[in-house]
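Only a predicted model underlies this, so the values are computations on that prediction, with no experimental measurement involved. Note: hydrogens, waters and symmetry copies are ignored here, and every other heavy atom, side chains too, is used.
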Amino acid sequence: MSSLAQKKGFGAVIWDYLTTVDHKKIAILYLISGGFFFLVGGLEAMMIRIQLMKAGNDFLSAGLYNEIITMHGTTMIFLAAMPLLLAFMNAVMPLQIGARDVAFPFLNSLGFWLFFFGGIFLNLSWFMGGAPDAGWTNYASLALASEGHGIDFYSLGLTISGFGTLIAGINFLVTIINMRAPGMTYMRMPLFTWTTFVASALILLAFPPLTIGLFFMVFDRLFGANFFAVNMGGNTIIWEHLFWIFGHPEVYILILPAFGIFSEIFAIFSRKRLFGYTALVFATILIGFYGFMVWAHHMFTVGLGPTANAVFALATMIIAVPTGIKIFNWLLTIWGGSISFTVPMVYAVAFIPSFVAGGVTGVMQAMAPLDYQLHDSYFIVAHFHYVIVGGVVLGILAGTHLYWPKMFGTMLSEKLGMITFWFFFIGFHLTFFIQHFLGLMGMPRRVYTFGADQGWDLFNMISSVGALFMAIGVLVLLVNVVLTTVKNVRVGNDPWGDGRTLEWAIPSPPPFYNFAQTPLVRGLDTYWIEKMEGNKEGMVYAEPLGDVHMPNGSIIPLIMSFGMFVAAFGALYFLDDTKPWALAVLIIGLGITFGSMLVRSLKDDLGFHITKEELIEDAKRGGNTDGLK
């Protein structure tokens, strides 16, 4: 198997991506599909804002509006934010710890394809009789009353996608525990690796409750079970508990990797090691720990009683402490640093006040009596968009600029990046800052229209103009990506000039085996240490040059996931008398999945070796193989 970089035909490249188990290519798949769903969710958001632009607007009907707000939330959280962060985790984390790939390359591919088919299945609901319409939280009483198949698309699609995410989380955990380079102790791991580690642990613990809730929902709606049907002795509140025991850790699953990206950015562009690295690590772990103790603050108005409300109120206030620690550590990292305001750094600096605003309104919600007033008003919408957009989305945009050269070997335009930043940043604050006041003025969430006499016209108009600004920013980003790809100006190992961790010590994009020799890590910010000591290579090695063992690609993950996709249609129409073929489709789909599992089990796939001679040849060519075998 030669590691020579042949120029491949289009079909061969497509086949390569369909069968790849290389973490860097899977990262690109996550980036492309997450980016696509981000655009879809953004279009849905624009339609919401057009509908609310003026009083009594009839741009959308009430039913369609409900479908759009449901799909906007579901798409943005599950199909955009998650995969875009998984893209960076996949692309960067194995490089940061000095690994040649993740622990289970096959499962990495399976995780992606499950997510992808789950997302496609969910979005097919638009063309097959209507999307889910019970809100992205899918509360059981609304969901069970919903006509049509929308909610079934939701529960089956998210079940499939959720399996993919769970697989990815387990994979990253094992990778970080087992595959760190010699000398890379836990307290020498870059902060992005730490946040990936904690977020993966949260995925492992938080996704099963969601899966159980969705499982109950599927059985209630498709097979006539009565887990949530109160008139049959079920309990509709149990869904809320199951959903939020997943849902609150989920926001930390999203925000922690963003914190990791910002931690890398502050260190690189302030040209200093992170202030209080240890405190940042323990704050990350504490956030993960407390994240499971606060879920009922979403349910203060349910009537859990004063004891439960008090306990969850207290826990919610406590979780603000480690987050505050992080903010001060970042500020002190910038303090006295030699700062360069690149696009990633500008996003990072803008993130601090934006995220703090979201955090402050969050601590306000911790007070149950106040939450009673603000619950289900636009104040809540403003709060969580400040956290998700002001934290996660700014993190994703910053990470895109920071890691683009490492993933693709080209630099995004700084000038266009700044244009995107200003449009997006100003648009974001215009859209959501004003919504706090709409909430205080009494505007409820999820209403599709309002009267001209309620005094909400002007603020809603301002909010809609802000959304337009954000859309322009995203379009400029797309132009940036296209221009950068067309120009194709190649960059070196450390394009920002101040990289501190191992991923900046190897070519951009890295060869498909990442490291010809396993690096030896001599401290925190190991690449920086080597640079400061005048080591031109930026690495010392833990082993002599020898043959490298790599896994083979496989089409089986795609076929396995496709089987689940097919089976979901069978389950969807199981109770539908007009579709007698449903059971057959269910059986065929599961047959495809289990058949592929059997093939995988019986086929010995031992991978292949890259010989020492090929590695030496590769190094002569600059090691830049584009990862194409």
Side-chain angles (χ1 to χ4, degrees), residues 17 27-51 59-60 64-65 67-88 91 112 115-127 131-132 136 153-154 157-158 161 164-165 254 258 343 347 385 388-401 403-404 407-408 412-413 416-417 419-428 431-432 463-486:
Y17 274 90
I28 291 169
L29 289 171
Y30 269 120
L31 195 70
I32 292 167
S33 43
F36 168 72
F37 285 125
F38 182 69
L39 296 178
V40 171
L43 283 174
E44 287 156 355
M46 288 309 296
M47 291 167 89
I48 295 169
R49 285 318 319 164
I50 292 170
Q51 166 63 18
F59 176 70
L60 302 173
L64 182 58
Y65 182 85
E67 290 178 21
I68 287 179
I69 58 163
T70 301
M71 286 300 283
H72 164 68
T74 311
T75 303
M76 284 305 204
I77 296 288
F78 292 103
L79 309 179
M82 290 287 294
L84 287 169
L85 290 167
L86 286 168
F88 296 124
F112 168 76
F115 144 72
F116 179 77
F117 280 116
I120 295 294
F121 181 79
L122 177 58
N123 275 282
L124 283 177
S125 62
W126 286 117
F127 311 104
W136 85 276
F153 276 103
Y154 175 98
L158 288 190
S161 269
T165 308
L254 294 176
V343 173
Y347 275 114
H385 281 88
I388 302 291
V389 185
V392 180
V393 178
L394 291 183
I396 287 168
L397 293 171
T400 303
H401 276 271
Y403 286 122
W404 191 270
M407 290 172 77
F408 297 98
L412 289 173
S413 154
L416 289 176
I419 296 172
T420 292
F421 167 78
W422 285 113
F423 269 110
F424 195 88
F425 184 69
I426 292 168
F428 155 63
T431 306
F432 297 111
S463 193
S464 294
V465 171
L468 180 67
F469 273 44
M470 283 201 275
I472 294 169
V474 172
L475 289 175
V476 174
L477 176 66
L478 290 178
V479 170
N480 197 347
V481 166
V482 171
L483 288 179
T484 301
T485 310
V486 171

Student: So, for L477 and H401, which heavy atoms are closest and what is the spacing to 0.1 Å?
Tutor: CD1-NE2, 4.0 Å
Student: For residues 67-81, which residue pairs pass the side chain to side chain donor-acceptor pair (under 3.5 Å) check, not counting sequence neighbours?
Tutor: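 Listed once each, the pairs would be none.
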Student: Quick one, T431 and F469 - any side-chain contact, counting heavy atoms below 4.5 Å?
Tutor: no
Student: Over 60° means perpendicular and under 30° means parallel, so classify the ring planes of F425 and F421, tilted if in between.
Tutor: parallel
Student: Sequence neighbours left out, what passes side-chain hydrogen bond (donor to acceptor under 3.5 Å, both in side chains) with T400? Give chain and number order.
Tutor: none
Student: In Å and rounded to the nearest 0.5 Å, what is the CG to CG distance from L478 to L483?
Tutor: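 Answer rounded to 0.5 Å: 11.0 Å.
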Student: Might you confirm whether atom CH2 of W136 has over 12 heavy atoms from other residues, nucleotides or ligands at distances under 6.0 Å?
Tutor: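 Enclosed.
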Student: Tell me the closest heavy-atom pair linking A258 and G395, and the distance in Å.
Tutor: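 Shortest heavy-atom contact: CB-CA, 4.3 Å.
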Student: With sequence neighbours excluded, what pairs up with Y347 under the side-chain hydrogen bond (donor to acceptor under 3.5 Å, both in side chains) test?
Tutor: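 Checked Y347 against side-chain hydrogen bond (donor to acceptor under 3.5 Å, both in side chains); zero matches.
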Student: Quick one: does F36's side chain get under 4.5 Å of L79's, heavy atoms only?
Tutor: no
Student: Determine, stepwise, if the pair F78 / F37 fulfils side-chain contact (heavy atoms from CB on, under 4.5 Å).
Tutor: CA-CA 9 Å; F78 292 103; F37 285 125; over 6 Å; no
Student: Is it the case that the side chain of T420 and the backbone of G473 share a donor-acceptor pair, with hydrogens and angles ignored and the cut-off at 3.5 Å?
Tutor: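 Pair found, side chain donor or acceptor close to backbone of G473.
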Student: L43: which residues meet the side chain to side chain contact (heavy atoms under 4.5 Å, CB included) condition with it, sequence neighbours left out?
Tutor: none
Student: Roughly how far apart are I396 CD1 and F38 CZ, rounded to 0.5 Å?
Tutor: 7.0 Å
Student: Does a side-chain heavy-atom distance below 4.5 Å link I28 with F408?
Tutor: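 I28 vs F408: side chains touch.
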Student: Which distance, rounded to the nearest 0.5 Å, do you find between the CZ of F112 and the OG1 of T165?
Tutor: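 One gets 11.5 Å once the value is rounded to the nearest 0.5 Å.
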Student: For the CZ atom on F59, are there more than 12 heavy atoms of other groups (residues, nucleotides or ligands in this structure) within a distance under 6.0 Å?
Tutor: yes
Student: So which atom in L31 and which in M407 form the shortest heavy-atom distance, rounded to 0.1 Å?
Tutor: CD2-CE, 4.0 Å
Student: Write down the atom of F116, the atom of S33, and the distance for their closest heavy-atom approach.
Tutor: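 Heavy-atom minimum between the residues: CD1-CB, 4.0 Å.
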Student: Give the ring-plane orientation class for F88 versus Y403, where under 30° counts as parallel, over 60° as perpendicular and anything between as tilted.
Tutor: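 F88 and Y403: tilted rings.
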Student: Ignoring hydrogens and angles, tell me if any N or O in the side chain of E44 forms a donor-acceptor pair with the backbone of I68 under 3.5 Å.
Tutor: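 Answer holds: no.
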Student: Walk me through it: do W404 and V481 pass the test side-chain contact (heavy atoms from CB on, under 4.5 Å)?
Tutor: CA-CA 9 Å; W404 191 270; V481 166; 3.6 Å; yes
Student: Show your working on side-chain contact (heavy atoms from CB on, under 4.5 Å) between V389 and F424 and close with a plain yes or no.
Tutor: CA-CA 10 Å; V389 185; F424 195 88; 3.7 Å; yes
Student: If I take atom OH from residue Y65 and atom CD from residue Q51, how far apart are they, to the nearest 0.5 angstrom?
Tutor: 7.0 Å
Student: Search all heavy atoms of M71 against all heavy atoms of A131 and return the closest pair with its distance.
Tutor: CG-CB, 3.6 Å
Student: Roughly how far, to the nearest 0.5 Å, is the CG atom of L60 from the CD1 atom of I48?
Tutor: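 Here the interatomic distance stands at 8.5 Å.
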Student: Please give me the minimum heavy-atom distance between P132 and S125, naming the atom from each residue.
Tutor: CD-OG, 3.7 Å
Student: Which residue pairs satisfy the side chain to side chain donor-acceptor pair (under 3.5 Å) criterion with at least one member in residues 470-485, sequence neighbours excluded?
Tutor: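 As it turns out, the side chain to side chain donor-acceptor pair (under 3.5 Å) pairs with a partner in residues 470-485, which skip direct neighbours, are N480-T484.
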Student: Quick one: side chain to side chain donor-acceptor pair (under 3.5 Å) pairs with a partner in residues 464-475, sequence neighbours left out?
Tutor: R49-S464
